[in-house]
Amino acid sequence: MKNDVIIKKINLSQNQSQTIQIDGKYQNLLEIQDGSVRVKSSSCPNQVCVHSGWISKSGQTIACLPNQVLIRLSGETSEEVDIIAK
């Protein structure tokens, strides 16, 4: 989610590996691999989002406040969406 707008929904139960670039005042590069997601790199000044590391369980979040990006994992079954980047 970026600025309260959902950018992309991804099902982490599918075997996939990809990167997603989120632009704004700063740039975030998300990495998705083996059912987990992380902010691989960011041009924001504090790097808290990068230091959050990998997340893979429902309810976990990563936030990049300077770029107004929130990554939230949700869902209980493989049929539900596991990641929402806003």
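- Looking at heavy atoms from C-beta onward, Val50 lies in side-chain contact with Ser42 at the 4.5 angstrom threshold.
- You'll find the side chain of Asn28 reaches within 4.5 Å of the side chain of Cys49, heavy atoms only.
- Shown here for Ala63 and Leu70, the closest heavy-atom pair between the two residues is CB-CD1, 4.2 Å.
- Residue Ile62 holds its CD1 atom at 4.0 Å from CD1 of Ile55, rounded to the nearest 0.5 Å.
- Pairs passing the salt bridge (charged side-chain N to carboxylate O under 4.0 Å, His left out) check and including a residue from residues 10-21, sequence neighbours excluded, do not occur.
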Considering only distance and modelled atom types, tabulate donor-acceptor pairs under 3.5 Å from the side chains of residues 32-40, sequence neighbours left out.
{"unit_1": "Arg38", "atom_1": "NE", "unit_2": "Glu31", "atom_2": "OE1", "d": "2.7"}
{"unit_1": "Arg38", "atom_1": "NH2", "unit_2": "Glu31", "atom_2": "OE1", "d": "2.6"}

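- No donor-acceptor distance shorter than 3.5 angstrom exists from the side chain of Asn67 to the backbone of Asp23, with no hydrogens or angles considered.
- In this structure a side-chain-to-backbone donor-acceptor pair under 3.5 Å is present from Gln47 to Cys44.
- Cluster annotation: Ile7 is connected to Leu12 through the hydrophobic network of ILVMFWY side chains, with a link wherever side-chain heavy atoms come within less than 4.5 Å.
- Note: the hydrophobic cluster containing Ile20 also contains Ile71 (ILVMFWY, side chain heavy atoms under 4.5 Å, direct or indirect links).
- Side-chain heavy atoms closer than 4.5 Å link hydrophobic residues (I, L, V, M, F, W, Y) into clusters, and following such links, possibly through other members, connects Val69 to Ile10.
- Leu30 has its side chain out of reach of Lys8: every pair of non-hydrogen atoms, C-beta onward, lies at least 4.5 Å apart.
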